[in-house]
Amino acid sequence: DGQRYTVIHCSDGQYRYISNSGTLTQLDSGSVFTQISTSRPARFAQFQDHLLMVDGREKLIKWSGPTGYMAYVGVPKPATPTATVQTALASPLHDRIRYAITFINHFGESNLGNPTDYKTTAYSSVQLTNIPTGTSAYDVIGRRIYRERLSNSGKFVKIGELFDNTTTSFYDQWGVEVEGDEAPINEEPIENITLILATEDSILLVGSNYPNRVYYNNAGKLESYSSLNYVELTEPITAMAYWRQTIYLFTRNSLSIWQIGTKPQKVLSENGCISDTSLVVTDNAMYWLAINGFIIFNGSTSKIISKPYIQ
(Lines give C-alpha, C1' and ligand atoms only; values in the text may rest on other atoms or scores of the structure.)
Protein backbone atom coordinates (compact mmCIF):
# COMPACT_ATOMS: atom_id res chain seq x y z
CA ASP A 1 0.00 0.00 0.00
CA GLY A 2 3.03 2.28 -0.35
CA GLN A 3 3.47 2.65 3.43
CA ARG A 4 6.43 1.66 5.60
CA TYR A 5 5.99 -0.62 8.60
CA THR A 6 8.33 -1.81 11.32
CA VAL A 7 7.62 -5.46 12.23
CA ILE A 8 8.54 -6.82 15.65
CA HIS A 9 8.68 -10.43 16.84
CA CYS A 10 7.53 -10.13 20.45
CA SER A 11 8.32 -12.25 23.49
CA ASP A 12 4.80 -13.74 23.48
CA GLY A 13 5.50 -15.33 20.09
CA GLN A 14 3.31 -12.88 18.16
CA TYR A 15 4.29 -10.48 15.37
CA ARG A 16 3.27 -6.83 15.61
CA TYR A 17 3.85 -3.90 13.29
CA ILE A 18 4.24 -0.18 13.86
CA SER A 19 2.69 2.05 11.20
CA ASN A 20 3.62 5.65 10.40
CA SER A 21 1.09 6.77 13.00
CA GLY A 22 3.01 4.88 15.70
CA THR A 23 0.21 2.41 16.43
CA LEU A 24 1.30 -1.10 17.48
CA THR A 25 -0.93 -3.71 15.80
CA GLN A 26 -0.79 -7.50 15.73
CA LEU A 27 -0.31 -9.11 12.32
CA ASP A 28 -3.39 -10.99 11.14
CA SER A 29 -2.57 -14.69 11.07
CA GLY A 30 -5.90 -15.66 9.53
CA SER A 31 -6.43 -18.15 12.41
CA VAL A 32 -3.56 -20.17 10.95
CA PHE A 33 -0.71 -19.67 13.41
CA THR A 34 -0.42 -20.15 17.13
CA GLN A 35 2.16 -18.75 19.49
CA ILE A 36 5.49 -20.57 19.47
CA SER A 37 8.69 -20.62 21.46
CA THR A 38 10.90 -17.57 21.06
CA SER A 39 14.11 -19.31 22.07
CA ARG A 40 15.86 -17.78 19.07
CA PRO A 41 15.22 -14.49 17.23
CA ALA A 42 13.20 -14.28 14.06
CA ARG A 43 14.89 -13.59 10.73
CA PHE A 44 13.34 -11.27 8.14
CA ALA A 45 13.81 -10.60 4.44
CA GLN A 46 11.87 -8.44 1.97
CA PHE A 47 11.11 -9.93 -1.44
CA GLN A 48 8.97 -8.08 -3.97
CA ASP A 49 5.84 -6.99 -2.07
CA HIS A 50 6.18 -9.47 0.79
CA LEU A 51 7.93 -9.65 4.12
CA LEU A 52 9.37 -13.13 4.64
CA MET A 53 9.84 -14.48 8.16
CA VAL A 54 11.73 -17.38 9.70
CA ASP A 55 11.02 -18.03 13.36
CA GLY A 56 11.50 -21.70 14.18
CA ARG A 57 8.42 -23.08 12.45
CA GLU A 58 8.95 -25.72 9.83
CA LYS A 59 7.74 -23.43 7.03
CA LEU A 60 8.72 -20.07 5.53
CA ILE A 61 6.11 -17.39 6.32
CA LYS A 62 5.02 -14.43 4.16
CA TRP A 63 3.11 -11.24 4.96
CA SER A 64 1.82 -8.79 2.36
CA GLY A 65 0.87 -5.93 4.66
CA PRO A 66 -2.08 -4.91 6.85
CA THR A 67 -4.63 -5.66 4.13
CA GLY A 68 -3.46 -9.30 3.97
CA TYR A 69 -2.55 -11.95 6.50
CA MET A 70 0.31 -14.28 7.32
CA ALA A 71 0.53 -17.43 5.21
CA TYR A 72 3.04 -20.12 4.33
CA VAL A 73 5.18 -19.74 1.21
CA GLY A 74 4.71 -22.44 -1.39
CA VAL A 75 1.83 -24.85 -1.82
CA PRO A 76 2.15 -28.48 -0.66
CA LYS A 77 1.21 -31.14 -3.16
CA PRO A 78 -2.28 -32.67 -2.71
CA ALA A 79 -3.15 -36.18 -1.62
CA THR A 80 -4.35 -38.86 -4.04
CA PRO A 81 -7.96 -38.70 -5.33
CA THR A 82 -10.13 -41.76 -6.02
CA ALA A 83 -10.65 -42.78 -9.68
CA THR A 84 -13.64 -44.96 -10.66
CA VAL A 85 -14.45 -46.18 -14.18
CA GLN A 86 -18.01 -45.23 -15.17
CA THR A 87 -19.08 -47.90 -17.71
CA ALA A 88 -22.46 -46.23 -18.29
CA LEU A 89 -20.88 -43.13 -19.80
CA ALA A 90 -19.58 -43.65 -23.33
CA SER A 91 -16.47 -41.78 -24.44
CA PRO A 92 -13.58 -42.26 -26.89
CA LEU A 93 -10.96 -43.13 -24.23
CA HIS A 94 -8.87 -46.15 -25.28
CA ASP A 95 -5.99 -46.50 -22.86
CA ARG A 96 -4.88 -47.19 -19.31
CA ILE A 97 -4.79 -43.84 -17.55
CA ARG A 98 -4.21 -42.34 -14.12
CA TYR A 99 -4.80 -38.95 -12.51
CA ALA A 100 -3.14 -36.45 -10.18
CA ILE A 101 -4.08 -33.08 -8.71
CA THR A 102 -2.35 -29.75 -8.06
CA PHE A 103 -3.34 -26.93 -5.70
CA ILE A 104 -3.66 -23.32 -6.90
CA ASN A 105 -3.29 -20.16 -4.84
CA HIS A 106 -2.96 -16.47 -5.77
CA PHE A 107 0.78 -16.83 -6.41
CA GLY A 108 1.19 -20.12 -8.23
CA GLU A 109 0.62 -23.84 -8.47
CA SER A 110 1.84 -26.72 -6.34
CA ASN A 111 3.88 -29.68 -7.45
CA LEU A 112 1.90 -32.64 -8.79
CA GLY A 113 0.23 -34.75 -6.09
CA ASN A 114 0.58 -38.51 -5.83
CA PRO A 115 -1.24 -40.16 -8.77
CA THR A 116 -4.03 -42.72 -8.68
CA ASP A 117 -3.54 -46.30 -9.86
CA TYR A 118 -3.88 -46.92 -13.60
CA LYS A 119 -7.44 -47.49 -14.83
CA THR A 120 -8.49 -49.32 -18.02
CA THR A 121 -10.89 -47.04 -19.88
CA ALA A 122 -12.02 -48.65 -23.12
CA TYR A 123 -15.25 -46.84 -24.06
CA SER A 124 -15.70 -45.57 -20.52
CA SER A 125 -15.47 -42.28 -18.66
CA VAL A 126 -13.79 -41.91 -15.30
CA GLN A 127 -15.14 -40.22 -12.21
CA LEU A 128 -12.73 -38.69 -9.73
CA THR A 129 -13.92 -38.43 -6.14
CA ASN A 130 -12.28 -37.50 -2.85
CA ILE A 131 -10.39 -34.73 -4.63
CA PRO A 132 -8.37 -33.10 -1.83
CA THR A 133 -9.00 -29.54 -0.66
CA GLY A 134 -6.29 -27.18 0.57
CA THR A 135 -5.91 -25.48 3.94
CA SER A 136 -6.21 -21.78 4.70
CA ALA A 137 -2.54 -21.74 5.67
CA TYR A 138 -1.69 -21.87 1.96
CA ASP A 139 -4.60 -19.76 0.66
CA VAL A 140 -5.69 -22.48 -1.80
CA ILE A 141 -8.35 -21.17 -4.21
CA GLY A 142 -8.62 -24.00 -6.77
CA ARG A 143 -7.38 -27.35 -8.08
CA ARG A 144 -6.21 -28.57 -11.48
CA ILE A 145 -6.76 -32.08 -12.82
CA TYR A 146 -3.97 -33.85 -14.72
CA ARG A 147 -4.06 -37.17 -16.60
CA GLU A 148 -1.31 -39.53 -17.75
CA ARG A 149 -1.78 -42.25 -20.39
CA LEU A 150 0.24 -45.45 -20.03
CA SER A 151 1.12 -45.13 -23.72
CA ASN A 152 2.76 -41.78 -22.90
CA SER A 153 4.17 -42.63 -19.49
CA GLY A 154 5.55 -39.78 -17.45
CA LYS A 155 3.63 -37.00 -19.18
CA PHE A 156 0.79 -35.60 -17.08
CA VAL A 157 -1.34 -33.09 -18.97
CA LYS A 158 -4.09 -30.78 -17.76
CA ILE A 159 -7.65 -31.91 -18.55
CA GLY A 160 -9.70 -29.73 -16.23
CA GLU A 161 -9.80 -27.25 -13.37
CA LEU A 162 -11.92 -26.67 -10.28
CA PHE A 163 -12.24 -22.95 -9.56
CA ASP A 164 -12.96 -23.38 -5.86
CA ASN A 165 -11.63 -25.16 -2.80
CA THR A 166 -14.78 -27.16 -2.01
CA THR A 167 -15.73 -29.39 -4.97
CA THR A 168 -14.45 -32.94 -4.53
CA SER A 169 -15.56 -34.73 -7.73
CA PHE A 170 -14.80 -34.46 -11.45
CA TYR A 171 -15.87 -36.41 -14.56
CA ASP A 172 -13.28 -37.08 -17.27
CA GLN A 173 -15.26 -37.36 -20.51
CA TRP A 174 -12.62 -35.98 -22.84
CA GLY A 175 -10.98 -38.02 -25.59
CA VAL A 176 -7.30 -38.89 -25.36
CA GLU A 177 -6.57 -36.57 -28.27
CA VAL A 178 -7.73 -33.51 -26.26
CA GLU A 179 -4.89 -32.56 -23.91
CA GLY A 180 -3.69 -29.38 -22.26
CA ASP A 181 -0.50 -28.10 -20.63
CA GLU A 182 1.94 -30.41 -18.90
CA ALA A 183 2.04 -30.46 -15.09
CA PRO A 184 4.48 -28.00 -13.50
CA ILE A 185 7.48 -28.82 -11.34
CA ASN A 186 7.00 -26.44 -8.41
CA GLU A 187 8.30 -27.71 -5.11
CA GLU A 188 7.97 -26.08 -1.69
CA PRO A 189 10.80 -24.24 0.07
CA ILE A 190 12.97 -26.29 2.39
CA GLU A 191 11.81 -26.75 5.98
CA ASN A 192 13.41 -25.98 9.36
CA ILE A 193 14.96 -22.78 7.99
CA THR A 194 17.63 -21.08 10.08
CA LEU A 195 18.89 -18.34 7.71
CA ILE A 196 17.22 -16.27 5.00
CA LEU A 197 18.46 -13.68 2.50
CA ALA A 198 16.68 -11.95 -0.39
CA THR A 199 18.07 -10.25 -3.50
CA GLU A 200 16.19 -8.60 -6.37
CA ASP A 201 15.26 -11.98 -7.92
CA SER A 202 16.24 -14.64 -5.41
CA ILE A 203 15.36 -16.02 -1.99
CA LEU A 204 18.24 -17.86 -0.32
CA LEU A 205 17.55 -20.33 2.48
CA VAL A 206 19.71 -22.39 4.83
CA GLY A 207 18.09 -25.13 6.91
CA SER A 208 19.13 -27.26 9.85
CA ASN A 209 18.64 -30.47 7.84
CA TYR A 210 21.45 -29.52 5.41
CA PRO A 211 23.40 -26.71 7.11
CA ASN A 212 26.16 -26.71 4.46
CA ARG A 213 23.71 -25.89 1.65
CA VAL A 214 22.08 -22.71 0.38
CA TYR A 215 18.81 -23.41 -1.43
CA TYR A 216 17.21 -20.82 -3.71
CA ASN A 217 13.95 -20.22 -5.54
CA ASN A 218 13.30 -20.28 -9.26
CA ALA A 219 14.39 -16.79 -10.33
CA GLY A 220 11.88 -14.06 -9.56
CA LYS A 221 9.20 -16.42 -8.22
CA LEU A 222 8.12 -16.32 -4.60
CA GLU A 223 6.24 -19.63 -4.69
CA SER A 224 8.42 -21.75 -7.02
CA TYR A 225 11.35 -23.90 -5.83
CA SER A 226 13.30 -26.99 -6.83
CA SER A 227 15.20 -29.46 -4.66
CA LEU A 228 18.01 -29.21 -7.23
CA ASN A 229 18.46 -25.46 -6.66
CA TYR A 230 21.28 -25.36 -4.13
CA VAL A 231 25.01 -24.82 -3.66
CA GLU A 232 27.03 -26.63 -1.01
CA LEU A 233 30.02 -25.55 1.06
CA THR A 234 32.41 -27.75 3.06
CA GLU A 235 31.24 -26.33 6.41
CA PRO A 236 27.91 -25.24 7.91
CA ILE A 237 26.84 -21.77 6.77
CA THR A 238 26.60 -19.31 9.65
CA ALA A 239 25.56 -16.09 7.88
CA MET A 240 24.72 -14.61 4.47
CA ALA A 241 24.87 -11.08 3.07
CA TYR A 242 23.98 -9.34 -0.19
CA TRP A 243 26.41 -6.45 -0.64
CA ARG A 244 27.44 -4.54 -3.77
CA GLN A 245 25.38 -6.85 -5.99
CA THR A 246 27.25 -9.90 -4.67
CA ILE A 247 26.17 -12.72 -2.38
CA TYR A 248 28.52 -13.45 0.54
CA LEU A 249 28.43 -16.82 2.32
CA PHE A 250 30.04 -17.16 5.75
CA THR A 251 31.15 -20.17 7.75
CA ARG A 252 32.95 -20.01 11.10
CA ASN A 253 36.27 -20.28 9.25
CA SER A 254 35.77 -18.70 5.83
CA LEU A 255 34.05 -16.15 3.59
CA SER A 256 33.04 -16.91 -0.01
CA ILE A 257 31.44 -14.86 -2.76
CA TRP A 258 28.84 -16.46 -4.98
CA GLN A 259 26.61 -15.80 -7.95
CA ILE A 260 23.73 -18.21 -8.59
CA GLY A 261 24.69 -20.68 -11.30
CA THR A 262 28.41 -20.57 -10.45
CA LYS A 263 30.69 -22.13 -7.84
CA PRO A 264 31.45 -20.13 -4.67
CA GLN A 265 34.87 -18.49 -4.58
CA LYS A 266 36.60 -18.30 -1.21
CA VAL A 267 37.97 -14.83 -0.38
CA LEU A 268 38.90 -15.47 3.28
CA SER A 269 40.19 -18.76 4.67
CA GLU A 270 39.97 -17.68 8.30
CA ASN A 271 38.03 -15.27 10.51
CA GLY A 272 34.59 -16.33 9.33
CA CYS A 273 31.41 -15.22 11.06
CA ILE A 274 30.34 -17.11 14.17
CA SER A 275 26.69 -15.96 14.00
CA ASP A 276 24.47 -14.03 11.61
CA THR A 277 23.30 -11.89 14.53
CA SER A 278 26.79 -10.33 14.72
CA LEU A 279 26.89 -9.35 11.02
CA VAL A 280 26.43 -5.66 10.12
CA VAL A 281 26.48 -4.43 6.52
CA THR A 282 27.07 -0.75 5.68
CA ASP A 283 27.70 1.08 2.42
CA ASN A 284 31.46 1.02 2.90
CA ALA A 285 32.19 -2.19 4.80
CA MET A 286 30.90 -5.32 6.50
CA TYR A 287 31.53 -6.06 10.18
CA TRP A 288 31.16 -9.36 12.01
CA LEU A 289 32.36 -11.32 15.02
CA ALA A 290 34.95 -14.06 14.36
CA ILE A 291 36.79 -16.32 16.78
CA ASN A 292 39.76 -13.93 16.64
CA GLY A 293 37.64 -10.83 17.32
CA PHE A 294 35.54 -8.33 15.38
CA ILE A 295 36.40 -8.10 11.68
CA ILE A 296 36.04 -5.24 9.20
CA PHE A 297 35.97 -6.15 5.48
CA ASN A 298 36.04 -3.50 2.74
CA GLY A 299 35.45 -5.82 -0.21
CA SER A 300 39.05 -6.82 -0.77
CA THR A 301 40.88 -6.92 2.57
CA SER A 302 39.92 -7.70 6.16
CA LYS A 303 41.24 -6.47 9.50
CA ILE A 304 40.79 -7.52 13.13
CA ILE A 305 39.60 -4.51 15.14
CA SER A 306 39.11 -6.02 18.62
CA LYS A 307 40.46 -8.59 21.04
CA PRO A 308 39.73 -12.28 20.38
CA TYR A 309 36.28 -13.68 21.04
CA ILE A 310 36.26 -15.97 24.09
CA GLN A 311 33.59 -18.68 23.80
Side-chain angles (χ1 to χ4, degrees), residues 4-9 11 18 38-48 50-56 60 189-190 192-217 219-220 229-311:
R4 285 186 170 271
Y5 302 93
T6 299
V7 177
I8 304 171
H9 190 206
S11 59
I18 304 173
T38 56
S39 59
R40 68 180 187 83
R43 272 70 171 172
F44 298 90
Q46 185 174 344
F47 183 75
Q48 297 173 352
H50 289 82
L51 179 67
L52 305 180
M53 296 167 278
V54 177
D55 64 3
L60 179 62
I190 63 170
N192 302 314
I193 302 165
T194 56
L195 298 174
I196 181 171
L197 177 70
T199 71
E200 292 88 354
D201 296 319
S202 301
I203 302 168
L204 311 181
L205 305 170
V206 177
S208 59
N209 294 341
Y210 298 97
N212 294 24
R213 296 180 179 179
V214 178
Y215 287 86
Y216 53 92
N217 62 325
N229 288 356
Y230 71 87
V231 66
E232 189 165 10
L233 303 186
T234 57
E235 295 180 284
I237 297 156
T238 56
M240 299 185 292
Y242 185 57
W243 185 50
R244 297 178 178 176
Q245 304 298 308
T246 301
I247 298 168
Y248 288 82
L249 305 178
F250 294 83
T251 71
R252 286 179 67 92
N253 300 299
S254 68
L255 171 61
S256 300
I257 59 174
W258 176 54
Q259 296 288 354
I260 291 177
T262 67
K263 293 183 178 180
Q265 298 180 350
K266 189 175 293 186
V267 294
L268 294 179
S269 297
E270 59 180 358
N271 293 327
C273 182
I274 66 170
S275 170
D276 67 303
T277 56
S278 75
L279 176 62
V280 176
V281 180
T282 70
D283 291 340
N284 299 319
M286 291 194 294
Y287 302 82
W288 66 87
L289 181 60
I291 295 175
N292 292 324
F294 275 101
I295 308 297
I296 180 173
F297 179 72
N298 63 10
S300 57
T301 60
S302 64
K303 181 181 178 181
I304 300 173
I305 56 174
S306 76
K307 294 181 179 180
Y309 164 68
I310 300 177
Q311 191 171 11

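Values reported hereafter were calculated over all heavy atoms of this structure, with side chains retained and with hydrogens, waters and symmetry mates removed.
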Requested in this report: I would like to know whether L60 and V54 meet side-chain contact (heavy atoms from CB on, under 4.5 Å); could you show each step before the answer?
Outcome: CA-CA 6 Å; L60 179 62; V54 177; 3.7 Å; yes

Which atom pair, heavy atoms only, marks the closest approach of [X] to [Y]?
X	Y	answer
A241	M286	CB-SD, 3.9 Å
H9	A42	ND1-CB, 3.2 Å
S278	L289	OG-N, 3.1 Å
I190	G207	CD1-N, 3.6 Å
S256	K266	OG-CA, 3.6 Å

Do the non-hydrogen side-chain atoms of [X] and [Y] ever get within less than 4.5 Å of each other?
X	Y	result
Y215	Y210	yes
P264	L233	yes
I247	T199	yes
I18	Y5	no
M240	V214	yes
V231	W258	yes
S302	L268	yes

What distance do [X] atom [atom1] and [Y] atom [atom2] have between them, rounded to the nearest 0.5 Å?
X	Y	atom1	atom2	value
I193	M53	CD1	CE	12.0 Å
I295	L279	CD1	CG	12.0 Å
K263	I257	NZ	CD1	15.0 Å
L197	L195	CG	CG	9.5 Å
I291	I304	CD1	CD1	11.0 Å
I196	L52	CD1	CG	4.5 Å

Query - Centroid-centroid under 6.0 Å between F250 and W288 rings - result: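 Distance test on ring centres: under 6.0 Å, yes.
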
Report task. Evaluate side-chain hydrogen bond (donor to acceptor under 3.5 Å, both in side chains) for E235 paired with N212, printing each intermediate quantity in order. Result -> CA-CA 5 Å; E235 295 180 284; N212 294 24; over 6 Å; no

Requested in this report: Apply side-chain contact (heavy atoms from CB on, under 4.5 Å) to W243 and T282, showing your working.
Outcome: CA-CA 9 Å; W243 185 50; T282 70; 5.8 Å; no

Query raised in the report: With sequence neighbours excluded, what pairs up with S269 under the side chain to side chain donor-acceptor pair (under 3.5 Å) test?
Result: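 Applying side chain to side chain donor-acceptor pair (under 3.5 Å) to S269 gives none.
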
Query raised in the report: Do N217 and N229 pass the side-chain contact (heavy atoms from CB on, under 4.5 Å) test, and can you show the C-alpha distance, the side-chain angles, and the key distance before you say yes or no?
Result: CA-CA 7 Å; N217 62 325; N229 288 356; over 6 Å; no

Query raised in the report: Under 3.5 Å, is there a donor-acceptor pair between the side chain of N298 and the main chain of S300?
Result: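 Yes.
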
**Report entry** Donor-acceptor contact below 3.5 Å, side chain T262 vs main chain Q259
**Finding:**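 Yes.
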
Query raised in the report: Listed by chain and number, what are the side chain to side chain contact (heavy atoms under 4.5 Å, CB included) partners of E200, not counting sequence neighbours?
Result: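 Residues passing side chain to side chain contact (heavy atoms under 4.5 Å, CB included) with E200: Y242, Q245.
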
Query raised in the report: Given L51 and V7, is the side-chain contact (heavy atoms from CB on, under 4.5 Å) satisfied, shown in steps?
Result: CA-CA 9 Å; L51 179 67; V7 177; 3.5 Å; yes

Please tabulate, for side-chain N and O atoms in residues 270-277, each donor-acceptor pair with protein atoms closer than 3.5 Å (sequence neighbours left out).
{"unit_1": "N271", "atom_1": "OD1", "unit_2": "N292", "atom_2": "ND2", "d": "2.7"}
{"unit_1": "S275", "atom_1": "OG", "unit_2": "T277", "atom_2": "N", "d": "3.2"}
{"unit_1": "S275", "atom_1": "OG", "unit_2": "T277", "atom_2": "OG1", "d": "2.8"}
{"unit_1": "D276", "atom_1": "OD1", "unit_2": "R43", "atom_2": "NH2", "d": "2.7"}
{"unit_1": "D276", "atom_1": "OD2", "unit_2": "R43", "atom_2": "NE", "d": "3.0"}
{"unit_1": "D276", "atom_1": "OD2", "unit_2": "R43", "atom_2": "NH2", "d": "3.4"}

Query raised in the report: Do you see a donor-acceptor pair shorter than 3.5 Å between the side chains of N192 and T194?
Result: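 No, because no side-chain N or O of N192 sits under 3.5 Å from a partner of the opposite role on T194.
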
